[in-house]
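Following: one structure in structure tokens, then a few remarks.
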Protein chains: 2
Amino acid sequence: MEPTDDGLQTLVKTMKALANPIRLRIIALLEKEPKHAYALAKELGVSYPLAHLHMKGLKKMGLIEEIEQQEREGLPSVKTYAPTDFEIVLSSKMIHDIVLKEEEE
Amino acid sequence: MEPTDDGLQTLVKTMKALANPIRLRIIALLEKEPKHAYALAKELGVSYPLAHLHMKGLKKMGLIEEIEQQEREGLPSVKTYAPTDFEIVLSSKMIHDIVLKEEEE
DNA sequence: CGTGCATATAAGAATTTTCTTATACATATA
DNA sequence: TATATGTATAAGAAAATTCTTATATGCACG
């Protein structure tokens with residue numbers, strides 16, 4: 001069950017991950033300052049489960065990541081997140097190349 | 001009833017417009033060659049109403065546009081579309097700037 | 001007059017996404 | 001022992017998106 005690296009599918013998933021106001025605000029706030037989910041939820045004004053859900057989606061698409069941090073007394077327990085350094089350029093030419101590339105194979 | 005130019009809202013709408021496989025394929029196919037909705041629907045393998053619906057959304061967001069063409073005998077009747085020359089760069093820094101800019105005002 | 005091409009829209013169904021609420025666990029502090 | 005901080009997940013409700021089907025119009029061709 002390979003994920004069959006389809007350029008179109010991957011692009012759609014990435015766009016979907018970015019097509020939500022809460023998820024965009026998560027990226028923006030983590031860019032301002034890396035923090036953990038609980039603090040982020042409060043800053044966003046949403047429940048922790050909702051923030052966690054959205055962060056899970058962003059992490060899955062590689063748009064944010066857990067960063068190493070100071071563990072106090074051996075236990076991690078607090079996970080700090082930051083955006084990854086992605087750069088996606090969207091233009092009709094790019095979309096053409098990504099979407100119609102594998103049809104020629 | 002101004003649309004209140006909210007950077008976040010606009011970005012979400014643009015991302016939503018691009019977060020669909022049919023809409024991305026429309027942009028890709030129109031980039032290869034401008035054409036009209038009916039021909040596009042056939043090439044996509046979807047019904048005309050569905051193609052029309054998706055094109056309407058892309059046009060609304062300014063991602064595709066109707067281009068001028070040879071009108072035979074005064075009547076347009078056939079509308080040819082092409083992608084506009086948008087270029088959207090997505091990075092955490094960009095998202096930060098767009099999303100958190102107006103909060104300082 | 002029927003068929004193919006071409007446009008546009010609306011209503012309702014089907015599907016997906018989003019959100020809330022509940023549960024569970026662990027640590028620290030008042 | 002409550003309360004606050006912190007993590008994680010699942011079930012179901014609510015909302016939004018997507019898709020089909022039907023309707024309507026017009027031109028050209030056989």
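Here is the naming used below: chain letters follow the sequence lines, and residue numbers restart at 1 for every chain.
Contact between the side-chain N/O atoms of Lys16(B) and the OP1/OP2 oxygens of dA16(D) is not found at any separation under 4.0 Å. For Asn20(B), no side-chain nitrogen or oxygen approaches OP1 or OP2 of dT17(D) to under 4.0 Å. Contact check, Lys79(A) against dA8(D): a side-chain N or O comes under 4.0 Å of OP1 or OP2. At the phosphate of dA6(C), neither OP1 nor OP2 sits under 4.0 Å from any side-chain N or O atom of Tyr48(B).
With dT5(D), dC5(C), dC19(C) as the choices, the nucleotide that has an atom nearest any side-chain atom of Leu53(A) turns out to be dC19(C). Picking from dC19(C), dT7(C), dT7(D) the nucleotide with the shortest atom distance to the side chain of Ala37(B) gives dT7(C). When distances run from any side-chain atom of His54(B) to the nucleotides dC19(D), dA8(C), dT7(D), the shortest one goes to dC19(D). Considering only side-chain atoms of Lys56(B), the nucleotide from dT20(C), dT7(C), dT9(C) that sits closest is dT9(C). Checking dT20(D), dT20(C), dT17(D) against every side-chain atom of Ser47(A), the shortest atom distance belongs to dT20(C). Distance from the side chain of Pro49(B) is smallest to dT21(D) among dT21(C), dC19(D), dT21(D).
One N or O on the side chain of Thr84(A) and one on the backbone of Gly62(A) form a donor-acceptor pair closer than 3.5 Å. A distance-only check finds a donor-acceptor pair linking the side chain of Arg23(A) to the backbone of Lys16(A) [under 3.5 Å].
Using cut-offs of 30° and 60° on the angle between ring planes, the pair His52(B) and Tyr48(B) is tilted.
To the nearest angstrom, P of dT5(D) lies 4 Å from OH of Tyr38(A). Summarising the geometry, the separation between NZ on Lys42(B) and C1' on dG4(C) is reported as 9 Å, rounded to the nearest angstrom. Note: CE (Met15(B)) to P (dT17(D)) measures 15 Å, nearest angstrom. Spacing between atom NZ of Lys60(B) and atom P of dA8(C) amounts to 16 Å, rounded to whole angstrom units. Atom-to-atom, CE of Met55(A) to P of dG6(D) comes out at 13 Å; the value is rounded to the nearest Å. Computed from coordinates, the Leu50(B) CG to dT20(D) P distance equals 6 Å when rounded to whole Å. Taking atom NE2 of His36(A) as the reference point, atom P of dT5(D) lies 9 Å away to the nearest angstrom. When rounded to the nearest whole Å, the span between CD1 of Ile26(B) and P of dC19(D) equals 10 Å.
With respect to Lys79(B) and Glu65(B), no salt bridge is recorded, no charged nitrogen being found less than 4.0 Å from a carboxylate O.
Counting only heavy atoms from C-beta outward, the side chains of Lys32(A) and Glu43(A) approach each other to under 4.5 Å.
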